[in-house]
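Below is one structure, written out as structure tokens; comments come after it.
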Amino acid sequence: MGTVISSPVRLKDGARLYSVLHPATGRRPVTVVFLHGWTLDNRLWRQQIADLPECLGAPVRMLAFDLRGHGRSDATHGADATLEQLGDDLAEVIRQRVPRGPIVLVGHSLGGMAIMEYAHRHAASFARRVVGVVLVSTSAEGSSRTSYGLSPRLARVMRVLEVQGAGLLARSGAWRPHRRLMPLLAPGVRWLVFGHRVDTSWVALTASMVGNARLCAIGGFRPSVDLHHRVETLAAMSGLPVAVLVGSADRLTPPVCAATIAQELPEAELRECEDAGHMLPIERPECVTEAIVSVIRRAESSRRRTPSRRTVVKAS
């Protein structure tokens, strides 16, 4: 994949975020900034990073980083484990690591919510720099639509238990004792975040990423996700090339979440991946890469051209 530049982004509160930049030759090529989901890290995007330059057929910079409390980034603290903070962190990452040129933002789950917060809290920067957005397995309505694939009654019980458990984890600091337990938890991970067809390597990678997340981040961000409501903020993306992806078997951000986003952005391309779950960058890597390529090409064609009518793509 050529040269890779790994360096920390130092934030105003002293926290350091691990980032990996894949530079590209050419005059100001677009930079694709990847934001992973809750409890994951930048490895989520390894297939997209490997395939995107060839699929695009043009130079493209790529930047992936670990959200605070995740992967190799510094631990977060109770007051900092919020989506608002993640939006501010993204603004600072862009300022330091991508100071010039057009940007396409790609966010999965919590990462997609962080993009919405960035658009809300840093509206001028978003309008000036961002030329396209790819939202993968995410929600503008927090966890209000999360069913865990259960009946409404059981889903309510599950949500209560999850919130209570998250509160305990949020007070547990930067420890990662669950790393040793991930092999035992793998069946639960498989059921919760994957669809009908699952490769053992997908589960292993996901379990490894979850094992690297600190307890304070696993529990700390849960209340902020509950409170997340940025449907109105989606208007900031109106007129931009946008792709919205969801798995038909997603138990955490089901297709209705994507439908809400698409309803607010009728020009967006909506892709529903049949039989896939929440982990589309791993389960359907080619579908995610194709969506990124489509957004980049549309952005290059004309950033503000009147978009065509939204199409719904059934991906196998």
Side-chain angles (χ1 to χ4, degrees), residues 34-48 64 66-67 69-71 106-114 134-139 141-151 154-155 158-159 161-163 165-166 169 176 178-179 181-215 217-222 225-226 228 244-258 271-288 291 315-316:
F34 294 96
L35 291 89
H36 63 77
W38 184 36
T39 75
L40 307 176
D41 60 45
N42 75 87
R43 289 176 292 168
L44 176 73
W45 305 107
R46 63 184 187 181
Q47 198 62 54
Q48 285 71 43
D66 293 343
L67 304 179
H70 296 75
V106 182
H108 171 260
S109 195
L110 185 71
M113 298 179 192
V134 181
L135 299 172
V136 184
S137 307
T138 192
S139 171
E141 307 165 274
S143 60
S144 63
R145 305 278 196 164
T146 300
S147 67
Y148 312 99
L150 304 173
S151 68
L154 288 177
M158 182 74 169
R159 187 175 290 110
L161 293 175
E162 184 184 353
V163 170
L169 294 178
R176 294 180 283 197
H178 58 293
R179 298 172 86 172
L181 298 176
M182 290 316 299
L184 297 177
L185 298 176
V189 170
R190 182 194 188 284
W191 172 82
L192 183 62
V193 300
F194 289 104
H196 303 313
R197 292 181 295 164
V198 185
D199 188 285
T200 55
S201 65
W202 304 348
V203 180
L205 174 59
T206 303
S208 175
M209 290 189 288
V210 174
N212 272 341
R214 293 166 174 81
L215 293 182
I218 294 175
F221 282 105
R222 185 64 177 81
V225 170
D226 258 353
H228 176 70
V244 182
L245 292 82
V246 67
S248 67
D250 191 331
R251 294 181 173 91
L252 298 181
T253 54
V256 66
C257 296
R271 296 180 176 228
E272 184 173 318
C273 301
E274 288 295 326
D275 298 328
H278 190 64
M279 299 295 288
L280 292 185
I282 297 175
E283 290 181 87
R284 299 291 190 273
E286 67 290 339
C287 185
V288 176
S316 60

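Hydrogens, waters and symmetry mates are skipped; everything else that's a heavy atom, side chains included, is used. Fair warning: this is a prediction, and the values are worked out from it, not measured in the lab.
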_Heavy-atom closest pair, residues Leu67 and His36_ = N-NE2, 2.9 Å

_Heavy-atom closest contact (Met182 atom, Val189 atom, distance)_ = CE-CG2, 4.1 Å

_With a 4.5 Å cut-off on side-chain heavy atoms, are Gln47 and Val288 touching?_
no

*For residues Ser137 and Gly277, report the shortest heavy-atom separation together with the two atoms involved.*
OG-O, 4.4 Å

*At what distance, to the nearest 0.5 angstrom, does CG of Asp66 lie from CG of Leu40?*
10.0 Å

*Got a second to check how far Arg222's CZ is from Leu110's CG, nearest 0.5 Å?*
11.0 Å

*asked:* To the nearest 0.5 Å, what is the distance between CD1 on Ile282 and CZ on Phe194?
replied: 5.0 Å

*May I ask you to test the Leu245-Leu135 pair for a side-chain heavy-atom distance under 4.5 Å?*
no

*Closest non-hydrogen atom pair between Trp38 and Ala217, with its separation*: NE1-O, 3.4 Å

*Is there a side-chain contact between Cys273 and Glu283, using heavy atoms and a 4.5 Å cut-off?*
no

*What's the verdict on side-chain contact (heavy atoms from CB on, under 4.5 Å) for Trp202 and Met279, showing C-alpha distance, side-chain angles and the deciding distance?*
CA-CA 9 Å; Trp202 304 348; Met279 299 295 288; over 6 Å; no

*Closest non-hydrogen atom pair between Ser109 and Gly37, with its separation*: CB-CA, 4.0 Å

*In Å, rounded to the nearest 0.5 Å, how long is the span from SG of Cys287 to CD of Glu274?*
11.0 Å

*So, His228 side chain and Ala114 main chain: donor-acceptor pair closer than 3.5 Å or not?*
no

*asked:* For Asp275 versus Arg284, what's the shortest heavy-atom pair and its separation?
replied: C-NH2, 3.9 Å

*Working to the nearest 0.5 Å, report the span between CG of Leu280 and CG of Asp250.*
7.0 Å

*Fit a plane to each ring of His278 and His108, take the angle between them on a 0 to 90° scale, and name the class: parallel (under 30°), tilted (30 to 60°) or perpendicular (over 60°).*
tilted

*Would you call Phe221 and His70 a side-chain contact if the rule is heavy atoms closer than 4.5 Å?*
yes

*Trace of the side-chain contact (heavy atoms from CB on, under 4.5 Å) decision for Val106 with Leu35*: CA-CA 6 Å; Val106 182; Leu35 291 89; over 6 Å; no

*Quick one: pull up OG1 in Thr206 and CG in Leu192 and give me the separation to the nearest 0.5 Å.*
10.5 Å

